Structure formats: C-alpha cells, structure tokens
A.B. asks: 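Provided herewith is a single structure, encoded as structure tokens, for subsequent inquiry.
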Amino acid sequence: MSRNIVVLGAGVSGLTTAYLLSQDPSKKITVVAKHMPGDYDIEYASPWAGANYLPVGKKGTPHQSWERSTWPVLKKIAENHPEAGIHFLDAIVENRVKDRQSTTGIWFAELVQQNPWYKDVVPDFQNIPRDRLAPGIDGAQKFTSAADAHHSGQKADVVVNCTGLSSKKLGGVLDDAMYPARGQIVVVRNDPGPMYTVSGTDDGEDEVLYIMTRAAGGGTILGGSYQRNNWDPLPDHNLANRIMQRAVTACPQLVKDGKGIEGLDIVRHGVGLRPVREGGPRIEKEQINGVRVVHNYGHGGFGYQASFGCAEAAATLVKEVLQEIPKAKL
Ligand SMILES: Cc1cc2nc3c(=O)[nH]c(=O)nc-3n(C[C@H](O)[C@H](O)[C@H](O)COP(=O)(O)OP(=O)(O)OC[C@H]3O[C@@H](n4cnc5c(N)ncnc54)[C@H](O)[C@@H]3O)c2cc1C
Ligand SMILES: *[C@@H]1O[C@H](CO)[C@@H](O)[C@H](O)[C@H]1NC(C)=O
C-alpha cells in the first residue's frame, strides 16, 4: 500500500530524510520548503556551512552514534559520486588549553581530545608531537575528513518536520529550547591546502578560526564565529576583517608573495544561523491536531556530519508511525 509523506524543510536534514525514505518505492514523498537549494537566506542554515566532518558529539550519547554512522555513508559517496561535491581533505585541529571554558572551547571539547572516540572512525588519525606545535598551541590532531502539502493532492499520512531554527517560531508548539548560534564566514577563491581548525582565538570567546576548501569549485571557507542568540543577518565588517586577518596569519600559503588580506580573492561574505537546541536535536514522533508528525530539527553546528545518522533515526520513526495507522479496508 502506498503512503503519502510530506517532508517540511529542504536543508540537509529534510533532504537526507526524504532521500532515505524514498528508497522504499511505496512511499510517495513531497518536499515542501520556503527555501530550496540555491537560495541564500538567514532562515536557511545549510548553504552557509563549509561543511566539514569534525565530530563534536560526547562519548556515549546519541549525538556520537549519529556522527559515527554518518561517516561511512559520506565516505562511500565521496569515493563513488564525485558529482555530489564531497571530498577528502587532510584536517589539522589545534587545541589551546586557555579555550577550555570559552564558547568555542566547549563546542569543540570532544573534537580536541587527545584520545577521541572518532580516532577509529576517520582514517589516518594522529596526534602531532608537541615539539612541532606553534607557540600557544597545547595539542593538535591530524586526520582525514569529508567536506558539503503532498503532490498527489491527497492527505499526508505523516509530516516530517525538518524546519531547523524556524521550529522556534512556527505556529503550533513553539520550541523554546531552540536558539541561533550565528556563524559569519568569508568565501574566497584562494587555496590553503589542508583543512585547519583552532579551538579559539584571542579576539573574543565566540570567535573561532577554521579554513576549508569545498569540493567541486565551491571555494574556500574562512570562518568564523559561534555567537549565541545573535540574529543579525548582515555581515559585520570588523568581524570579517578579523576572520581574514587570522586566516592569513595562521595559513600564509593562502595568499601569494607574502601578501596580507589584500591577497584574498573574495567571492562573498555570509552569515548563517546554526539551529541549536538545548539538550540536542529533537528526533521524535508526535500528533499535532490529529496530524502524525516526526520531528528532525535542532542540529546546531553538526547538521552535515550527523546527517545520515539523524535521518536514519527519523526514517525509523516514520516507519513506526506508518505501522500504527490502521490499514484501509479493501
Ligand atoms: C557558518 C556555518 C558553518 C557550519 N559548518 C558546519 C560544518 O562544518 N559541518 C556541519 O556538519 N554542520 C555545519 N553547520 C551546521 C549546519 O549548517 C546545520 O546544522 C544544518 O544546515 C541544519 O540543517 P536543517 O536542514 O536542519 O535546517 P536548514 O538548513 O535551516 O533548513 C530549514 C528548512 O526549513 C524550511 N522552513 C523553515 N520554516 C518553514 C516553514 N514555515 N514552511 C516551510 N518551510 C520552512 C527552510 O526554508 C529550509 O528549507 C554550519 C552552520 C553554519 C551557519
Ligand atoms: C515543527 O515543530 C515545531 C516545534 O515543535 C512546531 O512549532 C511546528 O508546528 C512543527 N511543524 C509541523 C508541521 O509539525
């Protein structure tokens, strides 16, 4: 028997969930969204992400298992479907002990461990010896990462709610656990080589330094920030300057002939709001006004690296919900 499913939201969460559900041909799926791929908007987080795979889920949590199970899928896509725009990059992650209590340090707490759970997931994990670290850096890791209303006119059997940060403000049950963590970036054409991330900066506890090149001509992302409860949709020019300055200082090979930030070839400045949820993403079933809903929102700064894990969890709930619906009499 065919089932009608509406997926609300076309970010990485909605599209990955729709993709997994579509593997079963009896499910007829419509994706409904205010913004679709190709759009740029402050309410649409997915286009602003680098996006890389730098695990941040704490050991023993569902978050960890979502990130763990997403890696093999991304790896397979990177190996077999270059057109998908996912590639492998060497990743260097540097840790400063003084960032331990800062906003960015707490965000990266799991990532910068000497002996993290993901060392057995990603290839080539190694701790970089202390004598090879720059002044002010207390530890560093290197590894390989991967960067990236129903159409039938009939009533939907299930609605999958993948509306990201809008879940805070949408009608119905408003989710007050949601808040934005603002990320400002600069997209440039320059090539830095390996991916590079540091746990913090000296320019404020919610500013961070990361550099990564996207696959398939998507440019190089210079980041960034993690500004909680800041909704400002416009790039802050002073912050943009600091982002570029830090990137050029940390990675001089980014610009030719010893140039400064004037050697950066800028494509655009951007701002995205990470849809953070206190207590972690909401992957749950619920009935709202008689409509069966499966939620999959609140993925903060890890919507890509946990995408397949979370979408699998949501798809399993959809299956459960469909089994609960009484079968129509013939
Ligand atoms: C600067 C920055 C860097 C990041 N870097 C990384 C990274 O390196 N790795 C990583 O894993 N993650 C990263 N992230 C996080 C990642 O981008 C998010 O976790 C992810 O994009 C969330 O996806 P989503 O599909 O849940 O939400 P969104 O992408 O925000 O999509 C929400 C969808 O819902 C739709 N919608 C909302 N309200 C309605 C409505 N009322 N009706 C219809 N449609 C609606 C929107 O139009 C949109 O289609 C980064 C984020 C930012 C901002
Ligand atoms: C999605 O979840 C949010 C938060 O609970 C809620 O406000 C909204 O009504 C939900 N949307 C749908 C279609 O269920």
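Just so you know, ligand 1 is whichever comes first in the structure, and atom 1 is the first atom listed for that ligand. Everything quoted here is computed from the prediction, not taken from an experiment.
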A.B. asks: Where does Val291 meet ligand 2, judged by heavy-atom distances below 4.0 Å: at the side chain, the backbone, both, or neither?
C.D. replies: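 The answer is neither.
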A.B. asks: Side-chain contact test, heavy atoms from C-beta onward, threshold under 4.5 Å: evaluate it for Asn190 versus Thr220 and give yes or no.
C.D. replies: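 The answer is no, as the side chains (C-beta and beyond) never meet within the 4.5 Å cut-off.
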A.B. asks: State whether the shortest distance between N or O atoms of Leu273 and N or O atoms of ligand 1 falls below 3.5 angstrom.
C.D. replies: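 N/O-N/O distance under 3.5 Å: no.
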A.B. asks: Could you list which atoms of ligand 2 come closer than 4.0 Å to a heavy atom of Arg282?
C.D. replies: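 Going through ligand 2 atom by atom, the ones under 4.0 Å from Arg282 are 5 (O).
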A.B. asks: I'd like to check whether Gly303 has a polar contact with ligand 1, where a contact means an N/O of the residue lying under 3.5 Å from an N/O of the ligand.
C.D. replies: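 There is such a contact, yes.
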A.B. asks: What atoms in ligand 1 come closer than 4.0 Å to a heavy atom of His35?
C.D. replies: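 In order of numbering, the contacting atoms are 46 (C), 47 (O), 48 (C), 49 (O).
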A.B. asks: Are any non-hydrogen side-chain atoms of Val208 and Ser225 less than 4.5 angstrom apart?
C.D. replies: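 They are not in side-chain contact.
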A.B. asks: Below 3.5 Å, N or O to N or O, backbone or side chain included: is there any such pair between Arg274 and ligand 1?
C.D. replies: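 Among all N and O atoms of Arg274, none is under 3.5 Å from an N or O of ligand 1.
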A.B. asks: Is there a side-chain contact between Tyr226 and Val276 in this structure, where contact means two heavy atoms from C-beta onward sitting under 4.5 Å apart?
C.D. replies: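 Yes, close enough: below the 4.5 Å cut-off.
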A.B. asks: Check whether any N or O atom of Tyr210, backbone or side chain, sits under 3.5 Å from an N or O atom of ligand 1, and answer yes or no.
C.D. replies: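 N/O-N/O distance under 3.5 Å: no.
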A.B. asks: Would you mind running through ligand 2 and noting each atom that sits below 4.0 Å from a heavy atom of Tyr297?
C.D. replies: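 The atoms of ligand 2 under 4.0 Å from a heavy atom of Tyr297 are 2 (O), 4 (C), 5 (O).
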A.B. asks: Output the list of atoms in ligand 1 that are nearer than 4.0 Å to some heavy atom of Leu8, sorted by atom number.
C.D. replies: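 Going through ligand 1 atom by atom, the ones under 4.0 Å from Leu8 are 43 (C).
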A.B. asks: Might you confirm whether atom NZ of Lys319 has over 12 heavy atoms from other residues, nucleotides or ligands at distances under 6.0 Å?
C.D. replies: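 Incorrect, the count does not exceed 12.
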A.B. asks: Pick whichever of Pro275, Ser307, Gly164 has a heavy atom sitting closest to atom 22 (C) of ligand 1.
C.D. replies: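 Minimum heavy-atom distance to atom 22 (C) of ligand 1 goes to Pro275.
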A.B. asks: Does the side chain of Thr103 pick up a donor-acceptor pair with the side chain of Glu205 at under 3.5 Å?
C.D. replies: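 Looking only at side-chain atoms, Glu205 and Thr103 do form a donor-acceptor pair, the distance falling under 3.5 Å.
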A.B. asks: Looking at Ile288, which atoms of ligand 2 are within less than 4.0 Å of one of its heavy atoms?
C.D. replies: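 Result: 14 (O).
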A.B. asks: Quick one: which ligand 2 atoms are inside 4.0 Å of a heavy atom on Leu8?
C.D. replies: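 Checking each atom against Leu8, I get 13 (C).
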A.B. asks: For atom 13 (C) of ligand 1, which of the options Ala10, Ala51, Gly301 provides the nearest non-hydrogen atom?
C.D. replies: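 The nearest heavy atom belongs to Gly301.
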A.B. asks: At less than 4.0 angstrom from any non-hydrogen atom of Ser166, what atoms of ligand 1 do you find?
C.D. replies: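 So the atoms of ligand 1 that pass are 37 (C), 38 (N).
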A.B. asks: Does Arg292 come within less than 4.0 Å of Glu324, counting only side-chain N to carboxylate O?
C.D. replies: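 No, this pair does not count.
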A.B. asks: Whether the Glu67 and Tyr53 side chains hold a donor-acceptor pair (N or O, under 3.5 Å, no angle test) is what I'd like checked.
C.D. replies: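 Per modelled atom types, Glu67 and Tyr53 side chains form no pair under 3.5 Å.
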A.B. asks: Heavy-atom count around Glu262 CD within 6.0 Å, excluding the residue itself: above 12?
C.D. replies: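 Atom CD in Glu262 is packed in, count exceeds 12.
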A.B. asks: Does Arg96 pair with Asp202 as a salt bridge, N-O distance under 4.0 Å?
C.D. replies: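 Asp202 and Arg96: salt-bridged.
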A.B. asks: Is there a side-chain contact between Arg182 and Asp206 (heavy atoms, below 4.5 Å)?
C.D. replies: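 Result no, sub-4.5 Å side-chain heavy-atom pair not found.
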A.B. asks: Indicate the ring-plane relationship of Phe125 and Tyr118, choosing parallel, tilted or perpendicular according to the 30° and 60° boundaries.
C.D. replies: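 Rings of Phe125 and Tyr118: perpendicular, as their planes differ by over 60°.
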A.B. asks: Does any N/O atom on Gly300 come nearer than 3.5 Å to any N/O atom on ligand 1?
C.D. replies: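 So ligand 1 has an N or O lying under 3.5 Å from an N or O of Gly300.
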A.B. asks: I'd like to check whether Tyr304 has a polar contact with ligand 1, where a contact means an N/O of the residue lying under 3.5 Å from an N/O of the ligand.
C.D. replies: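 Checking ligand 1 against Tyr304, an N or O pair does fall under 3.5 Å apart.
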A.B. asks: For ligand 1, find out whether one of its N or O atoms is nearer than 3.5 Å to an N or O atom of Asn296.
C.D. replies: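 No: no nitrogen or oxygen of Asn296 is under 3.5 Å from one in ligand 1.
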A.B. asks: Can you check which of Leu165, Asn52, Val32 brings a heavy atom nearest to atom 8 (O) of ligand 1?
C.D. replies: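 Answer by nearest heavy atom: Asn52.
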A.B. asks: Side chain, backbone, both or neither: which applies to Cys162 and ligand 1 if a contact is any heavy-atom pair less than 4.0 Å apart?
C.D. replies: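 Near ligand 1, Cys162 shows its backbone, while the atoms from C-beta on stay back.
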A.B. asks: Can you find an N/O atom of Gln184 closer than 3.5 Å to an N/O atom of ligand 1?
C.D. replies: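 No, since none of the N or O atoms of Gln184 sits under 3.5 Å from an N or O of ligand 1.
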A.B. asks: Below 4.0 Å from ligand 1: does a non-hydrogen atom of Val12 turn up there or not?
C.D. replies: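 Yes; Val12 lies near enough to ligand 1 that a heavy-atom distance drops under 4.0 Å.
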A.B. asks: Looking only at distances, please establish whether an N/O atom of ligand 1 is found under 3.5 Å from an N/O atom of Gln305.
C.D. replies: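 Such a contact does occur with ligand 1.
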A.B. asks: Measuring from the heavy atoms of Tyr44, does anything fall under 4.0 Å of ligand 1?
C.D. replies: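 True for this residue.
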A.B. asks: Please determine whether a side-chain nitrogen of the Lys or Arg among Lys34 and Asp39 lies less than 4.0 Å from a carboxylate oxygen of the Asp or Glu.
C.D. replies: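 Salt bridge between Lys34 and Asp39, a charged N being under 4.0 Å from a carboxylate O: no.
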A.B. asks: I want to know whether Trp71 and Phe308 have ring centres closer than 6.0 Å.
C.D. replies: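 Not close enough - the centres of the two rings lie 6.0 Å or further apart.
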A.B. asks: Within a 6.0 Å radius of atom NZ on Lys58, are there more than 12 heavy atoms belonging to other residues, nucleotides or ligands?
C.D. replies: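 Check passes, neighbour count above 12.
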A.B. asks: At a 4.0 Å threshold, what atoms of ligand 1 neighbour a non-hydrogen atom of Ser46?
C.D. replies: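 Once the distances to Ser46 are compared, the set is 20 (C), 21 (O), 23 (O), 25 (O), 28 (P), 29 (O).
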A.B. asks: Could you tell me, atom by atom, which parts of ligand 1 come under 4.0 Å of a heavy atom of His299?
C.D. replies: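 Per the distance check, 19 (O), 26 (O).
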A.B. asks: Within ligand 2, which atoms have a heavy atom of Val293 less than 4.0 Å away?
C.D. replies: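 Reading through ligand 2 atom by atom, the close ones are 14 (O).
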A.B. asks: Could you tell me which atoms of ligand 2, counted from 1 in the order shown, lie closer than 4.0 angstrom to a heavy atom of His295?
C.D. replies: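 Near His295, the atoms of ligand 2 are 1 (C), 2 (O).
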A.B. asks: Among Asn161, Val294, Asp175, which one puts a heavy atom closest to atom 12 (C) of ligand 2?
C.D. replies: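 Looking at heavy atoms only, the winner is Asn161.
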A.B. asks: Should we say atom NZ of Lys75 is surrounded by more than 12 heavy atoms from elsewhere, each under 6.0 Å from it?
C.D. replies: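 Counting other residues, nucleotides and ligands, NZ of Lys75 stays at 12 neighbours or fewer.
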A.B. asks: Against heavy atoms of Gly9, which atoms of ligand 1 measure under 4.0 Å?
C.D. replies: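 Result: 33 (C), 34 (O), 35 (C), 49 (O).
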A.B. asks: I need the minimum non-hydrogen distance between Asn52 and Gln305, along with the two atoms involved.
C.D. replies: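 That would be O-OE1, 3.2 Å.
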A.B. asks: Just wondering, are more than 12 heavy atoms of other shown residues or ligands nearer than 6.0 Å to CZ in Arg242?
C.D. replies: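 For Arg242, atom CZ is crowded (more than 12 foreign heavy atoms under 6.0 Å).
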A.B. asks: Just to be sure I read this right, does ligand 1 sit under 4.0 Å from the backbone of Ala33, its side chain, both, or neither, counting only heavy atoms?
C.D. replies: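 The part of Ala33 near ligand 1 is both the backbone and the side chain.
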A.B. asks: Taking only heavy atoms of Glu43 into account, list the atoms of ligand 1 that are under 4.0 Å away from them.
C.D. replies: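 Those atoms are 30 (O).
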